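It should be emphasised that the depicted structure is a prediction, and the values quoted were computed from it without experimental measurement. All chains are named by letter (A, B, ...) in the order of the sequence lines, taking the proteins before the strands, and each is independently numbered beginning at 1.
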Amino acid sequence: MSKLQKAAIKRRDIREAVEQSLRARKRRSWRFRLVGLVAVLTGLLLLAIMFTSIASKGYSAFERTEVLLDIDLEEAVIDPEKTRSEEVLMRADYTGLIKTSLRKLFPQVKKRKQKRALYRLVSTGAGDQLRDRVLQDPSIIGSRVSVWLIADDDLDQYYKHGDSQSRLKDYQLQWVAQLNADQRLRTAFNSTFFTAGDSREPELAGIRGALTGSFFVILITLGLSLPLGVSAAIYLEEFAPRNRWTDLIEVNINNLAAVPSIVFGLLGLAVFINFMGLPRSAPLVGGLVLTLMTLPTIIIASRAALKSVPPSIREAALGMGASKTQMVFQHVLPLAMPGMLTGTIIGMAQALGETAPLLMIGMVAFIADVPTGPLDSATVLPVQIYLWADSPERAFMERTSAAILVLLAFLVLMNLLAIWLRRKFERRW
Amino acid sequence: MKKLRAVIGTSVLVASIGAGAASRDTISIVGSSTVYPFATVVAERFGKTTKFNTPKIESTGSGGGMKLFCEGVGISHPDITNASRRIKKSEYEKCQKNGVKDIVEVKIGYDGIVVANSRKAPKFNISRRDIFLALAKQIPDPKAPDSGELIPNPYQTWKEVNPSLPAYRIEVLGPPPTSGTRDAFAELAMEGGCKTFGWIKKIKSDSKKAKKAGNKALAKELKNHYKAICHGVREDGSYIEAGENDNLIVQKLEANAKALGIFGYSFLEQNEDRIQGSLIDGVAPEFELIASGKYPVSRPLFFYIKKAHVGKIPGIPEYVTEFTSEKAWGDEGYLVDKGLIPMPREEREKYARDAKELIPMNF
């Protein structure tokens with residue numbers, strides 16, 4: 001065999017070997033891409049299942065059933081002395097008027113037990129609804145008005161979901177059928193859900209109390225953790241000397257970010273409530289506890305943002321004669337701001353969805369009044385979801401899902417804001 | 001500088017607010033998750049119909065509530081605690097030690113614990129002995145039940161426990177050990193069945209005898225032995241701890257027709273179209289039968305008032321009056337609509353009177 005032939009054979013072998021390994025490499029990369037795609041698709045599928053399941057369960061809570069009743073606003077009952085003073089109008093027996101109207105509508109109902117069942121078709125909050133109407137316009141006293149009143153949760157569930165989920169008795173169903181035939185039933189937008197605080201009657205329960213509580217808590221958390229976190233990050237990254245102490249601090253911050261949130265609740269109970277004597281269940285304490293929880297996240301994100309500012313910027317500023325403080329605050333900080341804000345917003349979103357640390361400081365509680373300040377007792381949205389999920393009344397199930405939808409909407413909004421801020425202020429080099 | 005300023009600003013803010021919070025005008029209530037649905041309804045009505053704020057109610061469990069309640073007197077401590085069992089002697093003593101001297105006890109009614117399954121399956125008719133044999137960790141050897149020998153629970157299906165029951169695998173969803181419902185279930189249902197074995201019952205009477213004879217160590221040992229036999233629940237997957245969320249248990253029962261679930265009567269009442277309560281010792285978990293005490297697995301519910309807070313925190317007597325009024329806890333009151341089993345009229349009158357005069361309990 002000549003030298004040339006040998007060389008040719010060798011070249012062919014090499015070529016084959018290369019081609020084989022190339023095929024294997026291509027297969028490997030294809031497999032990897034496939035695995036990635038499957039992972040993404042599975043994630044999307046699970047997300048879609050979660051969303052559709054929550055939305056399909058929850059959307060009906062945004063509607064409520066109402067009953068049309070003709071009510072004689074008898075002056076003798078509401079305001080026998082014709083004073084028209086607000087106090088008298090507030091205290092009048094509106095529930096009694098509603099009962100009279102129901103009895104007139106169904107004169108055949110005589111037995112005491114059946115009458116009670118009849119009254120139960122209308123919500124216990126209907127009297128307040130009527131009262132508000134009269135207070136708004138006292139001149140309607142003495143006349144006969146047709147009012148759409150909130151139906152009781154059992155009737156509401158039956159009207160919205162049909163037979164399969166009904167606790168109504170047969171005779172009650174007959175009355176409902178009659179009301180329906182007279183076109184005295186309708187569904188309308190459930191404004192109570194957004195304007196009322198918590199209630200043990202599902203048809204009167206709303207998320208306003210929890211939303212206000214969440215608002216105060218997040219406001220305090222943001223107001224404390226943003227300046228504290230950002231200043232700590234700037235000091236540690238730009239000014240602090242590198243020695244064993246700063247190393248220790250750094251390790252501690254990284255560890256704190258991984259501490260289970262309930263630990264912060266225990267800390268808050270010991271320090272803010274037992275030692276400092278702040279009131280239990282107050283959004284102020286909730287905000288302080290969540291500040292402790294989000295601080296490490298914000299510090300770590302802010303330091304990463306500061307680190308990512310290229311050294312050329314710093315050197316240029318220093319070269320132009322800026323002091324170190326001027327360099328940090330006029331050149332580095334503006335460039336690092338979008339990253340810091342993103343970190344902060346993600347920290348806030350975490351705080352918004354947190355329940356465990358709030359359990360320890362008494363914010364997991366039944367609180368019907370809407371809080372008016374950060375010292376009033378309050379609960380927050382995720383806690384409200386937890387409390388409703390545990391209530392025996394069936395109608396709370398759809399309200400649980402609806403509250404989850406509201407919470408998700410807020411979280412999505414906050415994340416969108418983070419993305420928008422990043423896009424708007426981001427600088428590329 | 002900026003950090004320093006922020007730190008000073010924060011501490012000043014916190015300190016000033018802390019100083020301003022030296023009074024409270026909302027009643028603070030803690031305690032049992034079983035009483036929670038009733039107390040919240042009363043609180044809501046109370047808030048709506050009076051000039052006082054709606055009381056704040058935390059669901060901490062009976063034990064957790066007692067702990068908070070007995071920690072001391074003052075605005076940072078709760079005014080009322082709810083309980084699904086009576087206050088324990090140790091808890092009462094802790095209260096006394098911490099200065100919580102006068103405690104007013106109010107019994108509010110009863111709660112039945114039901115063993116229920118899906119309506120798609122046949123209704124169970126079980127005895128407390130069946131419950132014990134199906135769920136206990138150790139049972140007396142079935143071949144020689146009186147020998148005093150204990151063996152690990154061998155039963156896999158209900159039919160093996162009692163031939164009249166269906167051949168379903170034993171699968172019971174129930175609350176975890178932290179729950180008052182579980183305590184009551186162990187005490188009333190499991191122990192009730194356990195005691196039907198003469199030699200086990202004898203352990204308890206021996207313990208009492210030893211205590212009388214002054215042998216405290218032996219008495220305690222025997223008592224613990226008795227409790228371990230009667231309250232020990234098997235851990236091989238037949239008893240499934242389903243968390244405190246009773247709604248979840250109801251949903252799981254609907255999905256799995258062969259499983260049984262343990263929860264409070266109010267959940268059965270709300271879901272009667274989907275699940276049915278089993279007969280226990282031949283008695284169905286029905287309103288009248290629980291109220292009359294015929295249904296064997298029912299327990300009293302209480303709340304406790306800190307007398308030292310009456311007059312300091314506005315509205316406590318009025319709240320108690322609302323709770324103990326006929327329109328709330330009476331036979332046709334609104335609490336009954338929520339699933340509370342009322343006490344007989346004379347008992348209601350007695351407790352309402354005691355509550356009104358705030359007569360403290362003594363142990």
Participant: Atom CG of A:L387 and atom OG of B:S33: how far apart are they, to the nearest 0.5 Å?
Facilitator: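 It is 11.5 Å, given to the nearest 0.5 Å.
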
Participant: Could you tell me which non-hydrogen atom of A:V364 sits nearest to which non-hydrogen atom of B:E58, and how far apart they are?
Facilitator: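 Taking every non-hydrogen atom into account, O-CG, 3.7 Å.
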
Participant: Do A:E201 and B:K338 have side chains that approach each other closer than 4.5 Å (heavy atoms only, starting at C-beta)?
Facilitator: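 Touching, per the 4.5 Å side-chain cut-off.
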
Participant: Which answer fits A:D128, side chain, backbone, both or neither, if we ask what part of it has an atom under 4.5 Å from a heavy atom of chain B?
Facilitator: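 Answer is side chain: those atoms of A:D128 sit under 4.5 Å from chain B.
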
Participant: Could you have a look at B:T49, B:N271, B:V30, B:T26 and say which one has the most heavy-atom pairs with chain A under 4.5 angstrom?
Facilitator: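 Ranked by heavy-atom pairs under 4.5 Å with chain A, first place is B:N271.
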
Participant: Which heavy atom of B:S76 sits nearest a heavy atom of A:R280, and at what distance?
Facilitator: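 Looking at all heavy atoms of both residues, the shortest contact is O-CD, 4.4 Å.
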
Participant: Under 4.5 Å heavy-atom distance to chain B, tell me which part of A:T379 shows up: side chain, backbone, both or neither.
Facilitator: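 Contact with chain B involves no heavy atom of A:T379 at all.
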
Participant: Shorter than 4.5 Å, heavy atoms on both sides: which option in B:N53, B:D25, B:I57 has the most such pairs with chain A?
Facilitator: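 Counting heavy-atom pairs under 4.5 Å, the top option is B:I57.
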
Participant: Can you tell if the side chain of A:T124 reaches within under 4.5 Å of the side chain of B:E44, non-hydrogen atoms only?
Facilitator: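 A side-chain contact under 4.5 Å is absent here.
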
Participant: Which region of B:P78, side chain (C-beta onward) or backbone (N, CA, C, O), has a non-hydrogen atom less than 4.5 Å from a non-hydrogen atom of chain A, or is it both or neither?
Facilitator: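 Neither part.
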
Participant: Might you confirm whether atom CZ of A:F275 has over 12 heavy atoms from other residues, nucleotides or ligands at distances under 6.0 Å?
Facilitator: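 Open.
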
Participant: Can you confirm whether B:K67 is buried at NZ, in the sense that more than 12 heavy atoms of other residues, nucleotides or ligands lie under 6.0 Å from that atom?
Facilitator: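 Open: at most 12 neighbouring heavy atoms sit under 6.0 Å from NZ of B:K67.
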
Participant: Can you name the closest pair of heavy atoms from A:P392 and B:F267 and give their distance?
Facilitator: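 Residues A:P392 and B:F267, closest heavy atoms: CA-CE2, 3.5 Å.
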
Participant: Quick check on A:I273 against chain B: is it the side chain, the backbone, both or neither that has a heavy atom closer than 4.5 Å?
Facilitator: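 Neither part.
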
Participant: Under 3.5 Å, is there a donor-acceptor pair between the side chain of B:K56 and the main chain of A:G362?
Facilitator: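 Not confirmed, B:K56 side chain does not pair with A:G362 backbone.
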
Participant: What part of B:I29 gets closer than 4.5 Å to chain A, counting heavy atoms only: side chain, backbone, both or neither?
Facilitator: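 Neither; nothing under 4.5 Å.
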
Participant: State the CZ-CZ distance between A:R200 and B:F38, to the nearest 0.5 angstrom.
Facilitator: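 Interatomic distance, A:R200 CZ to B:F38 CZ, rounded to 0.5 Å: 8.5 Å.
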
